[in-house]
2 protein chains.
Amino acid sequence: MTKILQRNLYREVADRIGDLIEHGELSPGERISEKQLCEKFGVSRTPLREALKVLATEGLIELLPNRGARVVRLTFKKVKDTYDLMAALEGLSGELACKHITDKEIAAIRTLHNSMLDHYHQHDLKAYFELNRQIHESILAASQNEVLQEMYNNLSQRVKRVRYSKKMTQAFWDQAVKDHENMINALEKRDSQLLGQILRDHLCNKLEVATLAGVIEDDAPDEEHSVVNA
Amino acid sequence: MTKILQRNLYREVADRIGDLIEHGELSPGERISEKQLCEKFGVSRTPLREALKVLATEGLIELLPNRGARVVRLTFKKVKDTYDLMAALEGLSGELACKHITDKEIAAIRTLHNSMLDHYHQHDLKAYFELNRQIHESILAASQNEVLQEMYNNLSQRVKRVRYSKKMTQAFWDQAVKDHENMINALEKRDSQLLGQILRDHLCNKLEVATLAGVIEDDAPDEEHSVVNA
DNA sequence: AAAAGTAATTATGAATTCAATATTAACAGG
DNA sequence: CCTGTTAATATTGAATTCATAATTACTTTT
């Protein structure tokens, strides 16, 4: 049975603001003006402020008491920490997937994998990454653990805006493809320990972190304004 | 530098409602009346509704469009999934802790450990569990990964209300203490792989899950009302 | 009496209004 | 010209009000 999709104004607004952040239309550290966004979206402050609270809980923005909100500044450490976590979660998803996945689902992933290999041989980076993403998503779904999926998606969202893999060297790419070959073999053997290990070590994450090392503006500014929800 | 503590009305209300849920004053599946809680806390609907949205994001309650909110019903599967995740996160925390922890911090944990052993030998279950909790918290803190800590704490909060370990058998207890002995040894050797493995396999989680199997009312009712934030 | 349909009531969703806090601007003194 | 103080402005925090959807109570009909 398909679940009912909740479409509240606040959720709509939260998603739209999330998009603005992802696409860089709201910059890291930028102060978020309630009035401005209200006019942009054509809603009153009530649903907008609800959205801000939700986004703060999801880790995309920070709330400064009596001083509004601002987009979370992604320091290198924060991104690194998030990727460490995502690697652990991917590892778990692999272990669980081995226990639950059906032959049919494995076949579907094998198809995605072959398609991904095609794009790899044609050096189509963009298409490659899309297939790559679909494979990881399929494994996550096969884990049958909804809490895990929710957490992973939340973390993924937090770092989405710094996810562009320009500096992909051929060596890295080759290794990533080898990893994937091993992954799908482990999956077909349903070797949960092995798949978990591969996914935890999979350099996709580490590559991105390495790539990002030079990208992120790590100026660590006005930290005296930092606030924690308590 | 100590961080500024945010104390907004909505956050206060959210915490108070969280306490009500934890202590069973709001039952699983129970409909949450806005008016009632407004009167109870002496606040208007605005901050209360903001709190509800945050609690929904944190996974403690569900929002039913145009039909208010209700406390999330903890099915056995949901608890099991959450514990699987927490075990993975504890494993990661152990690995990271080995890399960052100072000799002084290890000594502090050793002290906690010894104190825990005392309570074990005196069969003081309550005091034992408090020390146990402190040890795991110390390792988590030593991981130096704030995102990890945030996620772990959120998961912990979700299952807090079903955390009472009555049916602790002596055999389980003995094993748990052995695990802890191995844990602290691995920590002192800074063997991250080993500590990670121990924590992932640590039966504390599994014990609780096993204990809960008989406790949780898994009636799986009116699921047609189920809603997902989208 | 049971079921279905309609009116009344209640609760939620969202906009508006009021109050408190922070930011900016103006000004005086050094 | 710079610094510190105070007044004006703007923004956020919270309560209230209005609108809309859901629930309940009450008819009406079979």
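Each chain gets a letter, A, B and so on, in the order the sequences are listed, and its residues count up from 1.
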B:L9 atom CG is separated from C:dT21 atom P, nearest whole Å, by 13 Å
Quiz prompt | Under-4.0 Å salt bridge between A:K35 and A:E39 | solution = no
Taken to the nearest whole Å, CG/B:N66 to P/C:dA14 is 8 Å
Is a donor-acceptor contact shorter than 3.5 angstrom present between the side chain of B:S44 and the base of D:dA14? no
Side-chain atoms of B:T46 come closest, of C:dT16, C:dA11, D:dT16, to D:dT16
### Message
Does C:dT10 have its OP1 or OP2 closer than 4.0 Å to a side-chain nitrogen or oxygen of B:R31?
### Response
no
TODO: Remember a base hit wins even if backbone is also touched, and classify B:L52 as base, sugar-phosphate or nothing at under 4.0 Å, heavy atoms.
DONE: nothing
Here the distance between atom P of C:dG13 and atom CG of B:L48, to the nearest Å, is 12 Å
_N-O pairing of B:E50 and A:R45 below 4.0 Å_ = no
In terms of heavy-atom contacts, B:N8 and A:P65 come closest through OD1-CB, 4.1 Å
Checklist entry - Is any NZ, NE, NH1 or NH2 atom of the basic residue among B:E95 and B:K99 found under 4.0 Å from an Asp or Glu carboxylate oxygen of the other? => result no
When rounded to whole Å, the CG to P distance for the pair A:L63 and C:dT21 reads 18 Å
When rounded to whole Å, the CD to P distance for the pair A:E34 and C:dA22 reads 15 Å
* Asked: Is the closest basic N to carboxylate O distance between A:E34 and A:R49 below 4.0 Å?
  -> yes
note: B:R45, atom CZ; D:dT16, atom P; distance rounded to Å ~ 12 Å
Rounded to whole Å, the CZ-P distance (A:R11 to C:dT12) equals 20 Å
Which of C:dG13, D:dA15, D:dG13 is nearest the side chain of B:N8? It is D:dG13
Is the shortest side-chain N/O distance from A:R49 to OP1 or OP2 of D:dG13 below 4.0 Å? yes
Donor-acceptor pair under 3.5 Å: do we get one between B:R67's side chain and the base of C:dG13?
no
From CG of B:L64 across to P of C:dA11 the rounded distance in Å is 16 Å
